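Since the structure comes first, as structure tokens, the remarks are kept for the end.
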Protein chains: 4
Amino acid sequence: MTTANRRTHSGSRRDEAAREAVLHAADDLLVEHGFSALTVEAIARRAGVAKQTIYRWWPSKVEVLLDTLIEDSAKRLPVPVGEATAKDIRGYFRRFARFVTRDPAGQVLLALIAEAQHNPGTAKSFHARYLRPRREQERAMIASCVDAGGISPALTPDAVIDAITGPVVYRALTGTGVPRGLVDALVDDLLKPRSG
Amino acid sequence: MTTANRRTHSGSRRDEAAREAVLHAADDLLVEHGFSALTVEAIARRAGVAKQTIYRWWPSKVEVLLDTLIEDSAKRLPVPVGEATAKDIRGYFRRFARFVTRDPAGQVLLALIAEAQHNPGTAKSFHARYLRPRREQERAMIASCVDAGGISPALTPDAVIDAITGPVVYRALTGTGVPRGLVDALVDDLLKPRSG
Amino acid sequence: MTTANRRTHSGSRRDEAAREAVLHAADDLLVEHGFSALTVEAIARRAGVAKQTIYRWWPSKVEVLLDTLIEDSAKRLPVPVGEATAKDIRGYFRRFARFVTRDPAGQVLLALIAEAQHNPGTAKSFHARYLRPRREQERAMIASCVDAGGISPALTPDAVIDAITGPVVYRALTGTGVPRGLVDALVDDLLKPRSG
Amino acid sequence: MTTANRRTHSGSRRDEAAREAVLHAADDLLVEHGFSALTVEAIARRAGVAKQTIYRWWPSKVEVLLDTLIEDSAKRLPVPVGEATAKDIRGYFRRFARFVTRDPAGQVLLALIAEAQHNPGTAKSFHARYLRPRREQERAMIASCVDAGGISPALTPDAVIDAITGPVVYRALTGTGVPRGLVDALVDDLLKPRSG
DNA sequence: GGCTAAGCGAGACGGTACGTCTGGTCTTATG
DNA sequence: CATAAGACCAGACGTACCGTCTCGCTTAGCC
């Protein structure tokens with residue numbers, strides 16, 4: 001009702017509308033036309049924003065993607081906090097598999113893993129701002145469950161996480177999809193102590 | 001006065017020297033300056049070859065890389081053929097981990113996995129010419145061992161391969177290295193039947 | 001402890017200090033770094049003034065220059081008023097030549113002649129605010145001397161002025177300097193009646 | 001009849017058609033929309049040429065203009081060569097006045113005089129490639145006439161040229177037009193010796 | 001003496017053009 | 001007929017200014 005009919009920028013403070021337009025434009029372009037269509041010019045065009053506005057706030061288009069990924073995965077793939085049960089953990093990794101294979105934001109994740117291969121700077125901030133913090137939360141999730149006696153894996157928490165997310169990500173990267181039951185099989189196998 | 005110092009092309013047949021110069025130039029550039037330095041112009045410059053010569057024989061720089069990867073991994077990471085023992089399999093995956101983390105050709109593999117994310121055409125020929133054939137050989141290796149009774153994994157051969165290579169590749173892609181013992185732990189865990 | 005070191009603007013009336021800072025900044029930039037360095041942003045930076053303050057009071061950077069030119073040439077190159085002798089006229093044109101070739105304000109004049117070529121709006125206000133009024137005074141100077149019988153040129157006053165300032169300006173514009181004696185020769189030649 | 005219906009560029013040699021398209025585009029843009037519309041992008045657009053093609057052959061748009069000026073004034077404002085009469089000289093300066101005030105190429109000349117004010121690099125090559133050679137020819141024209149006894153001016157040849165072209169150029173630059181008879185009056189006045 | 005109005009420094013904004021780089025296509029000349 | 005060379009069109013890169021705008025502030029001048 002009270003919305004202005006034209007976006008009006010906010011003067012000497014950062015324009016939140018422009019920020020969001022950029023993030024959405026980047027996301028949309030990636031999903032619709034792939035990473036190669038994700039040029040700063042195209043983002044600016046699509047967002048109705050000047051190139052300079054992008055360069056003012058983000059050092060590269062990769063950081064734009066990273067921002068969308070961080071926001072989206074905080075919303076749509078939260079790591080369980082507090083005391084986690086084996087069921088919580090299984091649920092998290094199932095959601096992770098779905099996120100990576102079906103959520104648009106999952107495509108962003110894969111694109112960033114890829115881009116980090118090509119560009120050391122990307123790798124660095126991708127780790128610092130996404131992978132590392134998330135890994136910490138995941139580790140805490142596993143550890144809390146171990147502490148509570150819910151599971152007693154033979155591997156370290158890190159190795160467990162790699163052993164589950166690794167195959168999921170690898171199959172997603174190679175475009176072969178994650179087969180039904182793979183996550184469950186891995187989780188079952190890894191979280192319980194090996195007999196003998 | 002015997003010139004001959006300069007490579008002299010051969011007339012109406014494809015110039016093998018040019019082909020090899022291109023492959024080596026691509027490999028070297030990737031290792032020395034990373035994927036972002038790997039432009040067709042740079043390859044041509046380094047190989048002492050005209051751009052057109054590259055475009056004549058390869059549809060893109062990615063196919064150049066793919067050719068080097070195919071040649072190099074046939075040489076340096078052969079899949080065991082014939083009857084394979086559990087030991088052979090473990091050995092193969094150990095060599096795989098070393099290849100991916102330490103061999104220059106492993107960098108090519110990672111770069112192609114990455115590039116396949118950005119470009120559907122790359123993905124297609126990367127699968128058809130590298131991943132698929134290799135996966136077939138790996139599957140045969142596992143199957144022959146199962147048939148011989150050497151192992152009896154709970155998962156399908158494909159799942160086993162993913163469960164081992166997945167974490168290795170994932171850690172390599174995220175630049176975190178593959179910890180000592182990870183491969184062995186995964187192999188031990190997956191090749192032997194689950195108790196109970 | 002009495003701060004006051006920082007210029008403090010004056011509230012709801014135009015800030016004279018800002019006005020002068022702008023004029024001087026423009027002048028300095030032109031002389032030091034040439035016309036191409038004379039951007040509104042650079043003037044604002046140098047003057048310690050916001051861009052908006054410039055746009056509030058001047059329609060363009062050219063008008064800033066024009067203001068400095070008008071002030072400076074009123075001070076340093078006044079046209080003789082009242083009854084003029086041939087000697088006054090010669091003196092004026094000598095000062096004009098020196099102004100155009102050596103005075104920083106002369107550079108401003110040349111820059112505006114140039115800019116007027118590129119921009120019709122500049123041309124218009126440059127004529128209206130500088131060239132026309134000045135030409136009127138020059139014409140009056142010549143006319144008063146003719147009336148007094150001091151000279152009797154074969155050409156109209158306008159043509160005389162053009163015939164003297166033209167070569168001076170042309171040589172200044174082409175950076176070739178005004179040779180000693182050129183002004184005197186032209187003045188001698190033009191102010192006295194042609195024999196025969 | 002035999003013209004190709006599409007311009008086809010000429011391979012590894014410079015494309016003459018592209019060169020001419022650029023020169024004409026620059027000329028046209030200057031005349032139609034003024035110097036401020038003369039951007040490299042606009043020239044490229046208009047000429048149907050890639051920007052890089054312009055940057056490959058010209059260091060700046062100014063050099064493009066300079067090339068058009070050199071070609072055009074060789075064609076349309078040749079300096080008389082060989083023994084020149086007073087009539088030839090008068091004719092040349094009359095043509096010069098018409099060139100500067102009415103010929104599109106004259107606009108290019110004025111634009112370059114202007115731009116040379118703003119940019120030292122422009123000034124340098126404008127002098128070296130246009131003004132200096134032309135001045136040499138003009139000086140030779142005057143000298144040959146003096147030698148033949150056709151005229152005996154009180155001023156040096158250079159001063160004579162400046163005294164005639166100066167006012168013409170100055171009036172053209174200030175957009176006031178060159179009045180009928182001004183050139184003749186100046187020529188008459190300057191080429192004949194002052195009596196007494 | 002509080003209120004209003006304008007000027008101010010600061011700087012974000014949507015744009016345009018800059019000059020550079022690479023991509024992928026084409027032509028020429030050489031062998 | 002393959003090659004080295006390299007010109008060509010296309011279009012993205014990241015930067016500099018443009019001219020407009022809003023912010024938060026300071027200072028008159030009016031009630």
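Every value quoted in this text rests on a predicted model; they were computed, and no experiment measured them.
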**OP:** Step by step, work out the side-chain contact (heavy atoms from CB on, under 4.5 Å) result for B/H24 and B/D27.
**Re:** CA-CA 5 Å; B/H24 289 132; B/D27 213 348; 5.5 Å; no
Original post:
Is A/E32 salt-bridged to A/R46, cutoff N-O under 4.0 Å?
Top reply: yes
Subject >> Proximity to the side chain of D/Y55 - top-ranked nucleotide from E/dC18, E/dA12, F/dC13 >> reply: E/dC18
**OP:** Send over the distance from C/H118 NE2 to E/dA17 P, rounded to a whole Å.
**Re:** 16 Å
Original post:
OP1 or OP2 of F/dA16 less than 4.0 angstrom from a side-chain nitrogen or oxygen of C/T39, does that happen here?
Top reply: no
**OP:** Figure out the CG/C1' separation between C/D15 and F/dC25, and round it to whole Å.
**Re:** 14 Å
**OP:** Starting from the 5' end of DNA chain F, give me the residue, A/V40 or D/R19, whose nearest nucleotide shows up first.
**Re:** D/R19
**OP:** Could you check which of E/dG7, E/dC18, F/dA4 has an atom nearest any side-chain atom of B/T53?
**Re:** F/dA4
Original post:
Which one, E/dC26, E/dG15, F/dC17, comes nearest to the side chain of B/Q52?
Top reply: E/dC26
Original post:
Parallel, tilted or perpendicular for A/H118 and B/F35, by the 30°/60° rule?
Top reply: parallel
Subject >> Nearest-angstrom distance from the residue atom CD of B/E115 to P of E/dG23 >> reply: 11 Å
**OP:** Identify, between C/E41 and D/R45, the residue whose nearest nucleotide on DNA chain E lies closer to the 5' end.
**Re:** C/E41
Subject >> Rounded distance (Å) that lies between atom C1' of E/dG7 and atom CD1 of C/I54 >> reply: 14 Å
Original post:
Counting only side-chain N and O atoms of A/K51, is one of them less than 4.0 Å from OP1 or OP2 of E/dA17?
Top reply: no
Original post:
What nucleic acid atoms does B/K61 come within less than 4.0 Å of, heavy atoms only: base, sugar-phosphate, or nothing?
Top reply: sugar-phosphate
Subject >> Between E/dA17 (P) and D/I43 (CD1): distance, integer Å >> reply: 12 Å
**OP:** Would you kindly compare C/L38 and A/S60 by the position of their nearest DNA chain F nucleotide and give the one closer to the 5′ end?
**Re:** A/S60
Original post:
Whole-Å distance between E/dT25 C1' and B/W58 CH2?
Top reply: 18 Å
Subject >> Closest to side chain of A/R56, choosing from E/dG24, E/dA12, E/dG14 >> reply: E/dA12
Subject >> Spacing between C/L29 atom CG and F/dC17 atom C1', to the nearest angstrom >> reply: 14 Å
**OP:** Please state how far atom CZ in A/R13 lies from atom C1' in F/dC25, giving the value in whole angstrom units.
**Re:** 12 Å
Original post:
Looking at B/W57, does any N or O in its side chain come under 4.0 Å of the phosphate oxygens OP1/OP2 on F/dA2?
Top reply: no
Original post:
If you check every side-chain atom of D/A50, which of E/dT22, F/dA10, F/dC18 has the closest atom?
Top reply: F/dA10
Original post:
Can you check side-chain contact (heavy atoms from CB on, under 4.5 Å) on B/V64 and B/L38, steps first, answer last?
Top reply: CA-CA 11 Å; B/V64 176; B/L38 198 77; over 6 Å; no
Original post:
Is C/V108 close to C/D72 at the side-chain level, that is, under 4.5 Å between some pair of heavy atoms?
Top reply: no
